[in-house]
Amino acid sequence: MEKIKIILAGPRGKMGMEALKLIKETEHFELVAAIDRKNGGKMISEIDGLPAYDAPIYEDVDLCFQEIQADVLVDLTTPEIGRKHTEAAIKYGIRPVVGTTGFNEVELLELAKTAEQKGIGVIIAPNFAIGAVLMMKFAQMASKYFPDIEIIEQHHDQKLDAPSGTAIKTAELISKVRQQKDQGHPNEKETITGARGSKINGMHIHSVRLPGLVAHQEVLFGGNGQLLTIRHDSLHRSSFMSGVKLAVEAIMKIDILVYGLENIIE
């Protein structure tokens, strides 16, 4: 199999370090460069704690894309930086696999339009854990029969966006098959603002941020005399790598924007 040449953005982050291990362990993946906010001009092998890759590090995204021939950008940075990297990658004909969340509907539509014009694949995944994707799909199935739903998502305390992209994506998937419904008592009143969390199409979403957590979500379905809970827990960031591998392989075969791994798993 021909090697897929990869540029990794965010190599020093916890997700980035797991991605470096994935690339090294995958025979048909090749790391050709990394993008980092510092260490420009050095090699990956020169950074303490990183694998011995003879791949250059760039701080200037445009310069990286101009000088390095690559097939795929894997971006595991932050929402704001991830958006900039995605736009630049499309411009230079490099296929972005993006694991950062925080893209709004307008931004996704604009990126989808640009990707279609360029004829280049883009995959943006709120969650790369296959189990989390299945959790979302199962929740969508259950919502046809249990329309009263609340979502509780829990993440580490360094996460920048709330609610999580996974929670938003879950609510969007459910909304495709569930009729609009405002839940709870019609005269319900928050005595402390935010006590009931945020709301999407009548569903409440609650965000928890604590040290010790990684990424966790449960979807609660209430019915007469019963409660159904669908839950997924990522206990280590290695749980996301099976989805990263799947996305890198799949993006070579598509020429449109795909939002969510549920659209590429069988």
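Predicted, not measured: the structure shown is a model, and the values here were computed from it. Residue numbers run from 1 in the order of the sequence given.
When the shell of 6.0 Å around CD of Glu80 is examined, it contains 12 or fewer heavy atoms from other residues, nucleotides or ligands. In this structure, Lys24 places its NZ atom where more than 12 heavy-atom neighbours from other residues, nucleotides or ligands lie under 6.0 Å away. The 12-atom threshold is not exceeded at CD of Gln69, counting heavy atoms of other residues, nucleotides or ligands nearer than 6.0 Å. Crowding of Glu2 atom CD: a count of heavy atoms from other residues, nucleotides or ligands under 6.0 Å not exceeding 12. Counting non-hydrogen atoms of other residues, nucleotides and ligands closer than 6.0 Å to NZ of Lys199 gives a total above 12. For Glu116, the CD atom counts as loosely surrounded, since its 6.0 Å shell holds 12 or fewer non-hydrogen atoms of other residues, nucleotides or ligands. Within a 6.0 Å radius of CD in Gln180, other residues, nucleotides and ligands contribute more than 12 heavy atoms. Counting non-hydrogen atoms of other residues, nucleotides and ligands closer than 6.0 Å to CD of Gln179 gives a total of 12 or fewer.
Under the 3.5 Å distance criterion, the side-chain polar atoms of Gln183 are matched with a main-chain donor or acceptor of Ile149. A distance-only check finds a donor-acceptor pair linking the side chain of Lys169 to the backbone of Tyr259 [under 3.5 Å]. Of the possible polar contacts, one joining the Asp71 side chain to the Lys5 backbone as a donor-acceptor pair under 3.5 Å is found. Listed for the Lys3 side chain is a donor-acceptor partner under 3.5 Å among the backbone atoms of Glu27. Without hydrogens or angle criteria, Thr26 side chain to Ile23 main chain gives no donor-acceptor distance under 3.5 Å. Panel note: side chain Asp75, backbone Thr77; a donor-acceptor pair is recorded below 3.5 Å. Side-chain atoms of His156 come within 3.5 Å of backbone N or O of Lys159 as a donor-acceptor pair. Glu190 places a side-chain N or O within donor-acceptor distance of the main-chain N or O of Arg196, the cut-off being under 3.5 Å.
Nearest approach of His85 to Leu73, heavy atoms of both residues: O-CD2, 3.8 Å. Minimum heavy-atom separation, Ile130 to Ser242: CG1-OG, 3.4 Å. Nearest heavy-atom pair, Leu8 versus Gly16, reported as atom, atom and distance to 0.1 Å: CD2-O, 3.6 Å. Shortest non-hydrogen contact noted between Ala88 and Val61 is CB-CG1, 3.9 Å. Of all heavy-atom pairs between Ser164 and Arg209, the closest is N-NH2, 4.0 Å. Heavy atoms only, all atoms of each residue included: Gly121 and Pro96 are closest at O-CD, 3.4 Å.
Side chain to side chain, Ser207 and Glu153 meet the donor-acceptor criterion of an N or O pair below 3.5 Å. No hydrogens or angles considered: a donor-acceptor pair under 3.5 Å links the side chains of His28 and Glu249.
Put simply, CE on Met17 and OG on Ser238 are 13.0 Å apart, with the number rounded to the nearest 0.5 Å. Rounding to the nearest 0.5 angstrom, the gap separating the NE2 atom in His232 from the OG atom in Ser239 is 6.0 Å. Interatomic distance, Leu227 CG to Asp148 CG, rounded to the nearest 0.5 Å: 11.0 Å. Ile152 CD1 to Leu220 CG: the interatomic distance, rounded to the nearest 0.5 Å, is 4.5 Å. Residue Ile123 holds its CD1 atom at 4.5 Å from CD1 of Ile251, rounded to the nearest 0.5 Å. Atoms CD1 and CD1, on Ile264 and Ile254 in that order, are 7.0 Å from each other to the nearest 0.5 Å.
Between Ile265 and Lys137, the closest side-chain pair of non-hydrogen atoms falls below 4.5 Å. Two residues are said to be in side-chain contact when any heavy atoms from C-beta on lie closer than 4.5 Å; Val122 and Val258 fail this criterion. By the 4.5 Å heavy-atom criterion applied to side chains, Ile6 and Ile4 are counted as neighbours. Using a 4.5 Å heavy-atom threshold, the side chains of Met252 and Arg95 count as touching. Leu173 has its side chain within reach of Glu262: a pair of non-hydrogen atoms, C-beta onward, lies under 4.5 Å apart. Here the side chains of Val74 and Val98 are not in contact, with every heavy-atom distance at 4.5 Å or above. At least one side-chain heavy atom of Arg237 sits under 4.5 Å from a side-chain heavy atom of Val214. Looking only at side-chain heavy atoms (C-beta outward), Leu210 and Asp157 stay at 4.5 Å or farther from each other.
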Evaluate Gln140 against Arg178 for side-chain contact (heavy atoms from CB on, under 4.5 Å), listing each step before the verdict. CA-CA 8 Å; Gln140 184 185 47; Arg178 169 185 172 273; over 6 Å; no
side-chain contact (heavy atoms from CB on, under 4.5 Å) between Lys38 and Arg12, intermediate numbers included: CA-CA 10 Å; Lys38 60 182 183 179; Arg12 291 181 299 109; 3.6 Å; yes
Please determine whether side chain to side chain donor-acceptor pair (under 3.5 Å) holds for the pair Thr170 and Gln217, giving the CA-CA distance in whole Å, both sets of side-chain angles, and the decisive distance to 0.1 Å. CA-CA 10 Å; Thr170 303; Gln217 180 171 292; 2.9 Å; yes
How far apart are the C-alpha atoms of Phe240 and Asn127, what are their side-chain angles, what is the distance that settles it, and do they pass the side-chain contact (heavy atoms from CB on, under 4.5 Å) test? CA-CA 7 Å; Phe240 304 117; Asn127 198 317; 3.3 Å; yes
Given side-chain contact (heavy atoms from CB on, under 4.5 Å), test Phe29 with Val248 step by step and report yes or no. CA-CA 9 Å; Phe29 286 3; Val248 170; 3.6 Å; yes
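Under the side chain to side chain contact (heavy atoms under 4.5 Å, CB included) rule, Leu50 has a single partner from Ile57, Asn39, Leu20, which is Leu20.
Cluster annotation: Leu63 and Ile94 are assigned to the same hydrophobic cluster (Ile/Leu/Val/Met/Phe/Trp/Tyr, side-chain heavy-atom contacts under 4.5 Å, transitive). Residues Ile124 and Ile81 do not share a hydrophobic cluster, defined by chaining ILVMFWY side chains whose heavy atoms lie under 4.5 Å apart. Both Ile230 and Ile151 are assigned to one and the same hydrophobic cluster, defined by single-linkage of ILVMFWY side chains at heavy-atom distances under 4.5 Å. When the side chains of ILVMFWY residues are joined at heavy-atom separations under 4.5 Å, either directly or via intervening members, Ile7 and Val97 end up in two distinct hydrophobic clusters. Placement of Tyr53 and Leu76 within a single hydrophobic cluster is found when ILVMFWY residues are connected by side-chain heavy-atom separations under 4.5 Å, directly or transitively.
Between Lys245 and Glu25 no salt bridge is recorded (no basic side-chain N to carboxylate O distance below 4.0 Å). In summary, Lys113 and Glu110 do not engage in a salt bridge, as defined by a charged side-chain N under 4.0 Å from a carboxylate O. Residues Arg83 and Glu107 are paired through a salt bridge, judged by an N-O separation under 4.0 Å between the basic side chain and the carboxylate. Between Arg231 and Glu218, at least one side-chain N (NZ, or NE/NH1/NH2) sits under 4.0 Å from a carboxylate O, which counts as a salt bridge.
Both tests do not hold together for Lys91 against Phe65: distance to the six-membered ring centre under 6.0 Å, angle to the ring axis within 45°.
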